[in-house]
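Structure, as structure tokens:
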Amino acid sequence: MSTEHKPKPLPFVANFAAGAIAGISEILTFYPLDVVKTRIQLETGKSQYGLVGTFKNIVKQEGVGRLYRGLVPPLMLEAPKRAVKFAANDFWGKRYLTLSGETKMTQQLSILTGCSAGATESFVVVPFELVKIKLQDKNSTFKGPIDVVKQIVAKEGLLGLYAGMESTFWRHVYWNGGYFGTIYQVKSLLPKPTSKQSELLNNFVSGSIGGFCGTLVNTPFDVVKSRIQGAERLPGVAPKYNWTYPAIVTIAREEGFAALYKGFVPKVLRLAPGGGVLLLVVEFTLGVFRKTLGPPYI
């Protein structure tokens, strides 16, 4: 094994910038799959077309540009989302280590930290997710993100931008818990890396499996979130989907248990290669920062 000292950790702003650049790259590459996922989730009853059919119908009936409808909100969200995610993971991780008396992270603490970070993150993402869902809906008549915000605020007030807050909360709690808990377990089972390439491979494998498990756990909550945020709110009319767990029961009863996993395939297809893109871009960007800053970061 090499005895060469480890490089000094880069400042937070460098890690934040690398994460933001990687996140934006992933969004630009795989965003159409998110549009297809939302369309499938908004369908009530049995899905008519599936992944390929939905994709073809969007292109044929609405044009290729529709696959990038609602792209602006997630792009705007990426920087604050990354900042909150990094800060929350760091804060909760240190807090739980102190409270538990442990000297290093365990799988249980990884899950707890991930769930807490996801809960924290959810408060930031809700308005952006709401605008994105409204624009991705096939029946959307909004002109763009600003029009969505104006109409919602005019009809429902500022709190209207937080429709689906509770379901978003649970979606992020379960995804982050499943994701970070799985990564910890998978890394413990993989051979210890002996080179930069093997370390990169371990991160890619554990991240991909973590993304799959996180998606497996949180998809029902994502379906409910899409239904709540996609529905039009009418004065004096109680919405069909309002609270997360009753909505899960309603969907399972009326459409079958499988309906809770609508959009699962495009979601997984985005997260698996998307995790690879994130990892590659992060490593490349951090490498550029190290060379630019020079010693002792190299």
Side-chain angles (χ1 to χ4, degrees), residues 23-24 27-28 31-44 54 58 61-63 65-85 118-175 218-248 250-251 262-263 266-267 270:
I24 290 171
I27 289 171
L28 291 174
Y31 186 77
L33 286 169
D34 191 61
V35 175
V36 172
K37 178 211 74 171
T38 300
R39 289 292 184 87
I40 294 173
Q41 289 180 342
L42 290 176
E43 290 179 12
T44 55
T54 301
I58 292 173
Q61 298 174 12
E62 305 169 52
R66 194 72 176 190
L67 292 171
Y68 284 89
R69 174 92 163 159
L71 177 63
V72 173
L75 285 179
M76 292 174 62
L77 170 65
E78 197 57 36
K81 177 182 176 182
R82 292 282 168 180
V84 171
K85 184 186 284 290
T120 306
E121 180 187 25
S122 67
F123 289 94
V124 177
V125 306
V126 177
F128 296 91
E129 281 286 322
L130 176 64
V131 173
K132 185 192 74 170
I133 295 295
K134 293 293 188 185
L135 292 172
Q136 288 180 343
D137 190 348
K138 181 179 181 179
N139 300 315
S140 174
T141 57
F142 296 104
K143 297 175 183 177
I146 301 300
D147 187 38
V148 176
V149 173
K150 284 182 177 179
Q151 290 199 39
I152 290 176
V153 172
K155 293 178 182 177
E156 305 170 40
L158 286 174
L159 287 179
L161 294 173
Y162 276 83
M165 174 68 239
E166 185 240 5
S167 55
T168 303
F169 173 89
W170 290 117
R171 184 184 79 151
H172 283 262
V173 164
Y174 283 106
W175 197 91
N218 96 322
T219 297
F221 303 92
D222 194 33
V223 172
V224 170
K225 183 194 77 69
S226 293
R227 295 282 181 94
I228 291 173
Q229 293 185 326
E232 182 181 358
R233 304 236 164 198
L234 301 174
V237 179
K240 182 175 182 179
Y241 308 108
N242 200 358
W243 298 100
T244 303
Y245 291 97
I248 287 176
T250 298
I251 293 171
K262 284 187 171 184
K267 198 173 180 186
R270 177 186 175 183

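Treat the numbers as computed from the prediction; the structure is a model and nothing was measured.
Rounding to the nearest 0.5 Å gives a distance of 6.0 Å between OH of Tyr31 and CG of Leu71. Here the CG atom belonging to Leu161 is positioned 10.0 Å from the CZ atom belonging to Phe128, to the nearest 0.5 angstrom. Atom CG in Leu67 sits 9.0 Å away from atom CG in Leu33 (nearest 0.5 Å). Note: Glu121 CD to Phe169 CZ = 12.0 Å, rounded to the nearest 0.5 Å.
Put simply, the side chain of Arg227 gets close to the backbone of Glu43: a donor and an acceptor are under 3.5 Å apart. Although no hydrogens or angles enter the test, the distance criterion places no donor-acceptor pair under 3.5 Å between the side chain of Tyr241 and the main chain of Ser226.
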(request) Go through the steps to decide whether Gln229 and Thr168 satisfy the test side chain to side chain contact (heavy atoms under 4.5 Å, CB included), and finish with yes or no. (result) CA-CA 10 Å; Gln229 293 185 326; Thr168 303; 3.9 Å; yes
(message) If you apply the rule side chain to side chain contact (heavy atoms under 4.5 Å, CB included), what do you find for Asp222 with Gln41, and how did you get there?
(response) CA-CA 8 Å; Asp222 194 33; Gln41 289 180 342; 3.2 Å; yes
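Lys262 approaches Ile40 most closely through the heavy-atom pair CD-O, 3.4 Å. The shortest non-hydrogen separation linking Ser167 to Ile228 is OG-CD1, 3.9 Å. Shortest non-hydrogen contact noted between Val126 and Ala163 is CG1-O, 3.8 Å.
For the ring-ring contact (aromatic ring centres under 6.0 Å, His included) test, no residue two or more places apart in sequence or in another chain qualifies with Phe123. Every salt bridge (Lys or Arg N to Asp or Glu O under 4.0 Å) that Lys132 has, sequence neighbours left out, goes to Asp34, Glu129. With sequence neighbours left out, Glu156 forms a salt bridge (Lys or Arg N to Asp or Glu O under 4.0 Å) with no residue at all.
Within 6.0 Å of CG in Leu28 there are more than 12 heavy atoms belonging to other residues, nucleotides or ligands.
Side chain to side chain, Asn218 and Lys225 fail the donor-acceptor criterion of an N or O pair below 3.5 Å.
Ring geometry for Tyr174 versus Phe221: interplanar angle under 30°, hence parallel rather than tilted (30 to 60°).
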